[in-house]
Amino acid sequence: MSLQRSVDPDQVGFDPARLARVDEHFARYVDAGQLAGWQIVLTRRGEIAHSSTYGLRDREAGLPVDSDTLWRIYSMTKPVTSVAAMMLWEEGRLQLTDEVSRWLPEFADVRVYDRGSALKPYTVPAVEPIRVWHLLTHTAGLTYGFLQTSVVDGLYRAAGFDLYPPSHLDLATASEGLARLPLLFQPGTAWGYSVATDVLGRLVEVVSGKSLDVFFAERIFGPLGMTETGWWAEGAAADRLAALYAAHPATGQAVRYDEVGALARKQPALHSGGGGLLSTAADYHRFTQFLLRGGELDGVRLLGPRTVRFMTRNHLPEGQDLGRLSTGGFAETSFDGIGFGLGFAVVLDPVPSRTPSNPGEFYWGGMASTAFWVDPVDEITALLFTQLVPSSTYPLRAELRQLVYAALVD
């Protein structure tokens, strides 16, 4: 699928000389050895105004980033799972206020961590049951073991739920295991980045009667023409998969990370709705255009426009932002002035985060420093792909916004 520029930048309000700064800036990361390579795609009013690649997808093999390079998108899987859940909501098959235990009985009678150590935690009953909207907004009280900021994170790691669930589990058994662990907080009282979207993926399976990979393929990827997006790479596709790198803790240099990177070449037992997909820039470009256009692309409608608008409003309790409601321990987004919708971070006010954008912009990113945003006000979509963990190593996302909005002059 072509990602060639389809319009001169100045025809859609970009200053070409200012837009050139994007590539110049990010090239410096590669030249300094901090990134192996990257791919950037920018659109305005549905037209591709900028599409570029730089560096290597596999530095050790000397293979360049190509337009069809496959990337691990990790948590950029979460918006896809959220769209799947909302498709079922539009069909009347679930309500956002429904108790999750209606479909996943393991989540009945969950308990909440109150005090004590990982060796002797004291828990109390949940006052409020986990509801569907809690999963979509990360307010369920679930967490991630790899965050390492709480006693509950430690309990997750002790149970085998660290960066990934135990490799032998499928989504059903993983959901059962997570339900046995205490919640970090009472549902609906705080925001904590978590495995909630994995549980949401299991909910999609039970409600739809289809495994998550089949639902995605039949209901989302096929209709949107996302022919390169899937759960692992094999054969010729594996040759296009970018290598995964980690930042050296002392130097910041990109160091190959095959221990985790190799997992993308194996068929997984668990289809992670929270972080399992591989994709290309062309495929995720189609996903962002579908969102920008209010749930429709090329005559195919998966969601109604009012549903997309509803998903991209702030759903946090009492209209709070993440700066006030977050439990901390996560750095994929700046929290001040940022709300959270049904699967996306949402800009409420760009001033507190000191990053130019528009109220109403929605976005998310992945563990390997990939990112996207959709700005309905200026009709912009932006995509950044690279493969460096953790995503907080460099301020790539903020810098891309800074450069893109500085180039917008109409």
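This chain uses plain numbering: 1 for the first residue, then up along the sequence.
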Legend entry - Between T143 and S194, a side-chain donor and acceptor under 3.5 Å: no
Inset, instruction - Decide if atom CD of Q4 counts as having more than 12 heavy atoms of other residues, nucleotides or ligands within a radius under 6.0 Å. - result: no
Inset, instruction - Can you establish whether the number of heavy atoms outside R324 located under 6.0 Å from its atom CZ is more than 12? - result: no
Inset, instruction - Indicate whether any N or O donor in one side chain lies under 3.5 Å from an N or O acceptor in the other, for R111 and T123. - result: yes
Inset, instruction - Determine, for Y405 and R18, whether the Lys NZ or Arg CZ falls below 6.0 Å from the six-membered ring centre while staying within 45 degrees of the axis. - result: no
Legend entry - Within-4.5 Å side-chain heavy-atom neighbours: L96 and L342: yes
Inset, instruction - Give a yes or no on whether the ring-centroid distance for F216 and F221 is below 6.0 angstrom. - result: yes
Legend entry - Aromatic ring proximity F310/H315, centre distance under 6.0 Å: yes
Inset, instruction - Ignoring hydrogens and angles, state whether a donor on the side chain of E106 or S175 is under 3.5 Å from an acceptor on the partner side chain. - result: yes
Inset, instruction - Just say parallel, tilted or perpendicular for the rings of Y29 and Y394, cut-offs at 30° and 60°. - result: tilted
Inset, instruction - Look up atom CD in E205 and atom CG in L200, then write down how far apart they are to the nearest 0.5 Å. - result: 11.0 Å
Inset, instruction - Answer yes or no: are there more than 12 heavy-atom neighbours, outside R301 itself, under 6.0 Å from its atom CZ? - result: yes
Legend entry - Separation of L171 CG from S272 OG (nearest 0.5 Å): 8.0 Å
Inset, instruction - Establish, from distance only, whether the side-chain atoms of S117 and K120 form a donor-acceptor pair under 3.5 Å. - result: no
Legend entry - L325 side chain near L322 side chain, heavy-atom distance below 4.5 Å: no
Legend entry - Least distance between heavy atoms, L169 atom then A269 atom: O-CB, 3.6 Å
Inset, instruction - Indicate, with yes or no, if the rings of H50 and F14 have centres closer together than 6.0 Å. - result: no
Inset, instruction - Return yes if a side-chain donor-acceptor contact under 3.5 Å exists between T355 and Q402, otherwise no. - result: no
Inset, instruction - Any chance you could measure T288, atom OG1, to M76, atom CE, to the nearest 0.5 Å? - result: 8.5 Å
Legend entry - Pairwise side-chain contact, D31 with Y54, heavy-atom cut-off 4.5 Å (strictly under): yes
Legend entry - Minimum side-chain heavy-atom gap L184-Y156 below 4.5 Å: no
Inset, instruction - Keeping the roles fixed (side chain from S101, backbone from F107), state whether a donor-acceptor pair exists under 3.5 Å. - result: no
Inset, instruction - Look up atom CG in L142 and atom CG in L181, then write down how far apart they are to the nearest 0.5 Å. - result: 9.0 Å
Legend entry - Sub-6.0 Å ring centroid separation between W364 and Y193: yes
Legend entry - Pairwise side-chain contact, R72 with L244, heavy-atom cut-off 4.5 Å (strictly under): yes
Legend entry - Residues T137 and T139: side-chain donor-acceptor under 3.5 angstrom: yes
Legend entry - Side-chain H-bond candidate by donor/acceptor type, Y245 with D258, under 3.5 Å: no
Inset, instruction - Scan side-chain atoms only and decide if T53 and Q39 contain a donor-acceptor pair under the 3.5 Å cut-off. - result: no
Legend entry - D58 side chain vs A61 backbone, donor-acceptor pair below 3.5 Å: yes
Inset, instruction - Would you confirm whether R397, through its side chain, and T370, through its main-chain N or O, come within 3.5 Å as a donor-acceptor pair? - result: yes
Legend entry - T197 (side chain) donor-acceptor with G273 (main chain) under 3.5 angstrom: no
Legend entry - Greater than 12 external heavy atoms within 6.0 Å of R59's CZ: yes
Legend entry - Min side-chain heavy-atom separation L35-L396 under 4.5 Å: yes
Legend entry - Rounded distance [0.5 Å steps], OG1 in T307 versus CD in E90: 3.5 Å
Legend entry - Validation row: L241, T69 side chains within 4.5 angstrom (heavy atoms): no
Legend entry - Full working for side-chain contact (heavy atoms from CB on, under 4.5 Å) between L383 and H285: CA-CA 7 Å; L383 292 166; H285 161 70; 3.7 Å; yes
Legend entry - D68 backbone acceptor or donor facing D66 side chain under 3.5 Å: no
Legend entry - Under 3.5 Å donor-acceptor, D153 side chain and L147 backbone: no
Legend entry - Check: W191/Q320 side-chain N/O donor and acceptor closer than 3.5 Å: no
Inset, instruction - Decide yes or no for E128 and H134: does some side-chain heavy atom of the first lie under 4.5 Å from some side-chain heavy atom of the second? - result: yes
Inset, instruction - Check the surroundings of atom CD in E91: do more than 12 heavy atoms from other residues, nucleotides or ligands lie under 6.0 Å from it? - result: yes
Inset, instruction - Determine whether the side chains of S353 and D336 contain a donor N or O and an acceptor N or O closer than 3.5 Å. - result: no
Legend entry - W373/F362 aromatic ring centres below 6.0 Å: no
